[in-house]
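Along the sequence shown, residues are numbered consecutively beginning with 1. Model, not experiment: these values are computed from the prediction.
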Amino acid sequence: MTPPVLAGVDGSPASTAAAHWAAEEALRRDAPLRLVHAWPWLTDGRAAYADTDAPPAAAEQVVLDAAAAVRRRHPGLAVRADVVLDAAVDGLVAAAADAALLVLGSRGLGGFAGLLLGSVSMATVARSAVPAVVVRPGGRPDGTTGAPAAPPEVVVGIDTRAVDETVLAFAFREAALRGARLRAVHGWDLPPAFATVGFVPSQPEVAELQALEVKALSQVLAGWRDRYPGTELVEQVGLGAARTLVAAAGAADLVVVGRRDRPHDFGRRLGLVAHAVLQHADAPVAVVPHP
């Protein structure tokens with residue numbers, strides 16, 4: 001059985017956009033769609049002796065409304081709607097354990113208007129065992145913002161010094177599913193020694209370092225061109241890891257970044273680049289966990 005694409009919904013515009021984006025993705029993968037609303041039953045004001053197996057009507061209505069909206073747009077798509085009785089982050093992470101992909105809105109109903117990414121989305125992305133996509137609400141049919149790229153484009157961030165095939169495989173597959181061009185972006189920073197001594201390299205020295213980074217990226221991608229001969233591949237290298245990737249995102253259909261999976265790490269699990277892209281890119285951002 002094909003694993004479902006799972007979307008977290010809470011009735012907010014951002015979660016509605018996520019549900020529609022997830023529906024499009026499910027169709028591309030020929031997979032069912034599962035909509036989940038997490039209801040923290042211990043904090044909803046009910047008595048401690050209340051039936052914990054019976055979600056309140058308000059919670060059920062959230063997923064029913066989301067499912068109805070998706071079915072109107074995609075009448076042939078298999079859609080399942082569930083309420084899980086758990087805190088938002090714990091419930092979504094657990095529900096996504098057997099999913100192919102987890103899709104989230106950028107902010108829920110309780111988010112502050114000034115925040116680009118809510119705390120629930122950020123924490124869920126940081127803990128998810130499966131690739132997680134954060135979608136911002138917008139005017140395009142799939143819920144994304146900005147004008148569509150022509151041709152459609154998937155952007156993947158690559159650290160040539162810590163390459164993981166899981167991230168690249170996800171990005172190439174997403175590009176192939178969309179018939180999109182794949183833009184492989186590598187942002188590099190000056191060696192730490194320069195900053196330590198306050199040395200500013202000359203333009204020829206920067207150009208020499210840039211050439212080395214370009215060569216390193218080409219070496220990383222050499223075998224992937226053969227694996228996906230039908231996917232147009234564009235290589236881009238620039239100074240400044242986060243800045244280069246955010247700038248490249250533009251009107252991309254999807255931006256893909258990696259997240260090292262540290263199950264015993266109690267601190268922040270999102271790297272600086274992934275964090276910056278999630279906060280500043282308008283396009284949907286997929287965060288792919290890897291060893």
Side-chain angles (χ1 to χ4, degrees), residues 2-7 16-34 70 73-79 96 99-106 125 128 130-158 164-186 220-221 223-236 245-259 274 277-278 281-290:
T2 305
V5 173
L6 186 146
T16 300
H20 288 304
W21 193 96
E24 296 280 351
E25 184 69 15
L27 288 170
R28 292 188 194 99
R29 294 168 173 253
D30 195 21
L33 173 66
R34 184 185 179 198
V70 168
R73 186 174 293 178
H74 303 289
L77 178 63
V79 182
L101 188 71
L102 171 62
V103 184
L104 305 166
S106 53
V125 167
S128 176
V130 303
V133 178
V134 175
V135 178
R136 303 193 198 285
R140 284 163 57 181
D142 58 1
T144 60
T145 57
E153 186 171 273
V154 172
V155 173
V156 59
I158 298 175
D164 187 89
E165 294 208 345
T166 305
V167 179
L168 282 172
F170 181 90
F172 270 95
R173 184 188 181 195
E174 288 297 319
L177 285 172
R178 291 167 168 76
R181 173 175 60 199
L182 180 63
R183 181 175 297 275
V185 177
H186 169 54
V220 167
L221 296 171
W224 289 93
R225 292 183 182 274
D226 297 331
R227 295 187 219 181
Y228 289 85
T231 299
E232 180 186 357
L233 180 61
V234 176
E235 299 177 25
Q236 179 177 338
L245 188 52
V246 171
D253 287 56
L254 181 67
V255 183
V256 181
V257 295
R259 172 182 67 80
V277 174
L278 283 166
D282 288 331
V285 178
V287 180
V288 182
H290 62 86

Exercise for review: Kindly indicate, with the supporting measurements, whether the criterion side chain to side chain contact (heavy atoms under 4.5 Å, CB included) is fulfilled by Val135 and Val103.
Suggested key: CA-CA 7 Å; Val135 178; Val103 184; 3.8 Å; yes
Point to revise | CG-CZ distance between Leu233 and Arg181, expressed to the nearest 0.5 angstrom | key: 10.5 Å
Exercise for review: Kindly say whether Leu177 contributes a backbone atom to a donor-acceptor pair with the side chain of Arg29 at under 3.5 angstrom?
Suggested key: no
Revision key, fill the gap. Minimal heavy-atom distance between Ala184 and Ile158, with the atoms involved, is CB-CD1, 3.7 Å
Review point. Heavy atoms, side chains only, cut-off 4.5 Å: are Leu254 and Arg178 in contact?
Key: yes
**Study point:** Leu27 side chain reached by His74 side chain, heavy atoms, under 4.5 Å
**Key:** yes
Review point. For the atom pair OH (Tyr228) and CZ (Arg173), what is the distance rounded to the nearest 0.5 Å?
Key: 8.0 Å
Study note, to complete from the structure: All heavy atoms of Gly179 vs all of Pro152, minimum pair found to be O-CG, 4.0 Å
Study note, to complete from the structure: Rounding to 0.5 Å, atoms CG (Leu101) and CZ (Phe170) come to a distance of 5.0 Å
Practice item. Mind checking the CD-CG spacing from Glu153 to Leu182? Nearest 0.5 Å is all I need. Key: 8.0 Å
Review point. Nearest heavy-atom pair of Ala100 and Pro131: which atoms, and what distance?
Key: O-CD, 3.9 Å
Check your understanding: Is there side-chain contact between Glu174 and Asp253, with at least one heavy-atom pair below 4.5 Å?
Key -> no
Exercise for review: Hey, could you give me the CG/CZ distance between Leu6 and Arg34, rounded to the nearest 0.5 Å?
Suggested key: 5.5 Å
**Study point:** Intermediate values then yes/no, side chain to side chain contact (heavy atoms under 4.5 Å, CB included), Leu221 and Leu168
**Key:** CA-CA 9 Å; Leu221 296 171; Leu168 282 172; 4.1 Å; yes
Review point. Which atom pair, heavy atoms only, marks the closest approach of Thr231 to Ala175?
Key: CG2-CB, 4.1 Å
Practice item. Write down the atom of Ala7, the atom of Ala18, and the distance for their closest heavy-atom approach. Key: CB-O, 4.3 Å
**Study point:** CD on Glu24 to CG on Leu33, rounded to 0.5 Å
**Key:** 11.0 Å
**Study point:** Heavy-atom pair with the smallest gap, counting every atom of Ala274 and Gly258
**Key:** CB-O, 4.1 Å
Check your understanding: Do any N or O atoms from the side chain of Arg183 and from the backbone of Ala252 form a donor-acceptor pair under 3.5 angstrom?
Key -> no
